[in-house]
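Structure record follows, encoded as structure tokens.
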Amino acid sequence: MPIQQVIHQGRVPVKIYTNDVDPKAIDQLLNVTQLPFVHSHVAAMPDVHVGIGATVGAVIPTKGAIIPAAVGVDIGCGMNAVRLSLKAGQLPDNLRPVRYVIEAAVPVGFDMHPEGRGAPASTIRALSGGLDRIVKKHPGILKMQKNVERTWGRQLGTLGGGNHFIELCLDENDDVWVMLHSGSRGIGNIIGRYFIELARKDMGKHLANLPDRDLAYLQEGAEHFDDYVMAVQWAQDYAMTNRREMMRLILEALARQLPPFALTREAINCHHNYVAVEHHFGEDLFVTRKGAIRAGVGDLGIIPGSMGARSYIVRGKGEPDSFCSCAHGAGRRMSRGQAKKKFDPQDLIAQTAGVECRKDAGVLDEIPGAYKPIDEVMANQADLVEVVHTLKQVVCVKG
């Protein structure tokens with residue numbers, strides 16, 4: 001389905017790939033369009049919804065400036081998926097032990113690996129140099145959280161909380177997949193918050209001229225711009241490595257629980273909260289995707305539904321008006337607080353029937369009913385991607 005709304009109330013238009021959008025999200029999108037460095041237009045994906053600072057599901061092309069709050073604090077959050085050489089019939093009838101071995105292998109929430117376990121020392125050393133360069137110039141990063149210099153390495157290969165997850169899925173051919181969603185953990189959060197605040201300080205009295213103080217930006221050539229680019233790239237690399245390490249740990253655990261298997265395909269390891277330099281509409285731009293993935297011609301991506309719905313492996317079509325982007329998931333229809341008020345654990349049990357997962361009040365805010373229908377999201381972006389595989393989870397581990 002093509003673009004469904006074009007709004008011309010800002011300095012540049014907003015092109016929206018859905019009619020299902022909260023008025024508050026439209027207000028946020030219009031705030032972004034007032035900034036003088038936004039190029040051509042802002043694109044909003046079918047899963048668009050209100051976010052902190054900038055709208056989730058927004059693609060923001062900028063010339064000569066970056067908005068740290070639009071990149072967000074879970075820098076490099078994204079997806080990874082691999083296909084195994086197993087068929088559905090080779091899985092055990094009782095999948096609870098499978099969930100338990102995954103939960104034992106990968107710490108979730110605020111948990112982390114014990115000292116000396118988790119990611120290999122060589123992997124941690126490879127990341128250490130970049131972080132050392134960043135904190136040498138900005139020691140305040142390490143002062144924002146107690147013992148962060150000791151914990152970031154122990155968090156490599158951990159899931160985190162919120163909407164992060166690990167799933168065992170079946171595709172349309174009954175092939176087994178492992179899919180996961182996570183980001184740059186505590187250190188990415190600290191880097192994001194540090195530079196968001198630094199951008200506000202740098203703007204000083206000019207902050208009052210912004211439509212939203214969360215849209216404070218760093219201009220190319222300014223004192224801290226290059227430092228932010230370096231820091232955000234490091235956090236994106238950390239997030240990518242985090243997903244690889246989790247996948248390694250999960251596959252090692254599954255090898256002890258399931259029949260022998262091999263990997264037959266890695267779909268992709270992709271970010272959906274990040275900034276990259278790309279060429280669009282005649283200019284080299286900083287493209288910030290906050291809750292969107294790159295969908296250039298031939299690009300493979302992963303679009304998950306909720307913990308009770310289908311997910312999709314997709315191939316990008318390179319649609320120019322979306323800045324070669326597509327949705328990153330189903331998108332929330334209600335806030336976490338609203339979900340907890342509207343639903344109870346019995347609703348969660350009903351909406352996750354057939355899925356081996358937690359079904360208690362602790363994950364009620366992630367109930368499928370809190371999200372937009374994924375099939376509607378996919379229909380709205382038929383011009384952006386084609387479906388390669390359709391996945392349905394049978395095991396879900398929540399953060």
SB check D74 R185 (cutoff 4.0 Å): no

Check: Y312 ring centre within less than 6.0 Å of H389 ring centre: no

Closest non-hydrogen atom pair between C270 and I293, with its separation: SG-CG2, 4.3 Å

Ion pair check, R248 and E252, cut-off under 4.0 Å: yes

Closest non-hydrogen atom pair, A43 against F323: CB-CD1, 4.0 Å

Taking every non-hydrogen atom, the tightest pair across A361 and P345: N-CG, 4.2 Å

Exam field: side chain K317 to backbone A382, donor-acceptor pair closer than 3.5 Å: yes

Lys/Arg N to Asp/Glu carboxylate O, R315 vs D299, below 4.0 Å: no

Donor-acceptor under 3.5 Å (Y238 side chain, W152 main chain): yes

Electrostatic pair R193-E197, nearest N-O below 4.0 angstrom: no

Any residue meeting ring pair (Phe, Tyr, Trp, His ring centres under 6.0 Å) with H113, in chain and number order, not counting sequence neighbours: none

F286 and Y217 aromatic centres sub-6.0 Å: no

Candidates D171, D174, D175 - the one meeting salt bridge (Lys or Arg N to Asp or Glu O under 4.0 Å) with K87: D175

Student check: side-chain heavy atoms of H280 and P61 closer than 4.5 Å: no

Considering all heavy atoms, the nearest I75-S184 contact: O-OG, 2.6 Å

No-hydrogen, no-angle side-chain donor-acceptor test under 3.5 Å, H138 and D227: yes

From R336, K340, K359, residue fulfilling salt bridge (Lys or Arg N to Asp or Glu O under 4.0 Å) relative to E366: R336

Residue pair I302 / N80: nearest heavy atoms and the distance that separates them: CD1-C, 3.7 Å

Basic-acidic side-chain contact under 4.0 Å: D20, R333: yes

Pair H181 and H272, ring centroids less than 6.0 Å apart: yes

D212 and Q28 side chains, donor-acceptor separation under 3.5 Å: no

Distance-minimising heavy-atom pair for I60 and A54: CD1-CB, 4.3 Å

Evaluation steps, salt bridge (charged side-chain N to carboxylate O under 4.0 Å, His left out), between R358 and D360: CA-CA 6 Å; R358 287 176 57 193; D360 56 76; 2.8 Å; yes

